[in-house]
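Report on one structure; see the data block that follows.
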Amino acid sequence: MAFVFLPETRRLQVAASKPSFNPLANLTWILEFPQILPLIGGFFILALVGEVGGTVWVLYGQDKFSWSPMIIGISLAAFGFFHAVVQAFVAGPISERWGQRRALLIGIASDGAAYISIALVSYGWMAFLLMPLFCLGGIGAPALQSLVTSPRTVCYSGKTRIGSGDPLRPRHWS
């Protein structure tokens, strides 16, 4: 209806090409680098796992622990605090001391242990004890981003930052 009643007033002198309408067309350069495809796939999985916890935290807390809205708010505030502390003071030193690959493995192991532990705990206060472990899992994504944008792909590092970051984040798809 808008096409009929609100026609375009500005006329383009050059017709737009079909590839410009494809939102994934800018990511086709990734296929030129088969060595980073597994890293980008891993980043997508890591980002998806990182988003799942925050997405279901409220529902899980209410259902399993009978948390009130105030307790849920306190838990989210505590998670934000611990996450900021880990990102500010822990992620960098771990990457510098043990390297990016080990930091990635530490992040994956921490996330896995935290998700298994939260499934097994039976009291709500125990979930608060797991918050630092959940937040330690957050060091995996920066380590993997650093691996994807390593000096081996320095001439394409701007593309890999864009290609492996924003469009592939699951939160942008929701």
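Along the sequence shown, residues are numbered consecutively beginning with 1.
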Do you reckon [X] sits in the same ILVMFWY cluster as [Y], going by side-chain contacts under 4.5 Å, direct or chained?
X     : Y      : answer
Val90 : Trp98  : yes
Ile45 : Leu105 : no
Ile72 : Phe82  : yes

Task: Aromatic contact, Phe134 with Tyr115 (centres under 6.0 Å) - done: yes
Output the distance between atom [atom1] ([X]) and atom [atom2] ([Y]), rounded to the nearest 0.5 Å.
X      : Y      : atom1 : atom2 : value
Ile106 : Arg101 : CD1   : CZ    : 14.5 Å
Leu136 : Asp111 : CG    : CG    : 9.0 Å
Ile40  : Leu144 : CD1   : CG    : 9.0 Å

- [ ] Considering non-hydrogen atoms only, spot the tightest contact between Leu46 and Ile108 and give its length.
- [x]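 For Leu46 and Ile108, the tightest heavy-atom pair comes out as CD1-CG1, 3.9 Å.
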- [ ] Check whether any side-chain heavy atom of Leu104 sits under 4.5 Å from a side-chain heavy atom of Ile139, and report yes or no.
- [x]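 No, too far: nothing below the 4.5 Å cut-off.
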Task: No-hydrogen, no-angle side-chain donor-acceptor test under 3.5 Å, Ser95 and Gln100 - done: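 On atom types as modelled, these side chains do not qualify, holding no pair under 3.5 Å.
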Show the atom names and distances, to 0.1 Å, of all donor-acceptor pairs under 3.5 Å that link a side chain in residues 120-133 to residues at least two apart or in another chain.
none

Name the atoms and distances for all side-chain donor-acceptor pairs under 3.5 Å in residues 55-63, with sequence neighbours left out.
unit_1: Thr55; atom_1: OG1; unit_2: Glu51; atom_2: O; d: 2.6
unit_1: Trp57; atom_1: NE1; unit_2: Ser75; atom_2: OG; d: 2.9
unit_1: Tyr60; atom_1: OH; unit_2: Lys64; atom_2: NZ; d: 3.2
unit_1: Tyr60; atom_1: OH; unit_2: Ile118; atom_2: O; d: 3.0

Task: Under 3.5 Å donor-acceptor, Ser117 side chain and Ala113 backbone - done: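 Yes, Ser117 side chain to Ala113 backbone: donor-acceptor pair under 3.5 Å.
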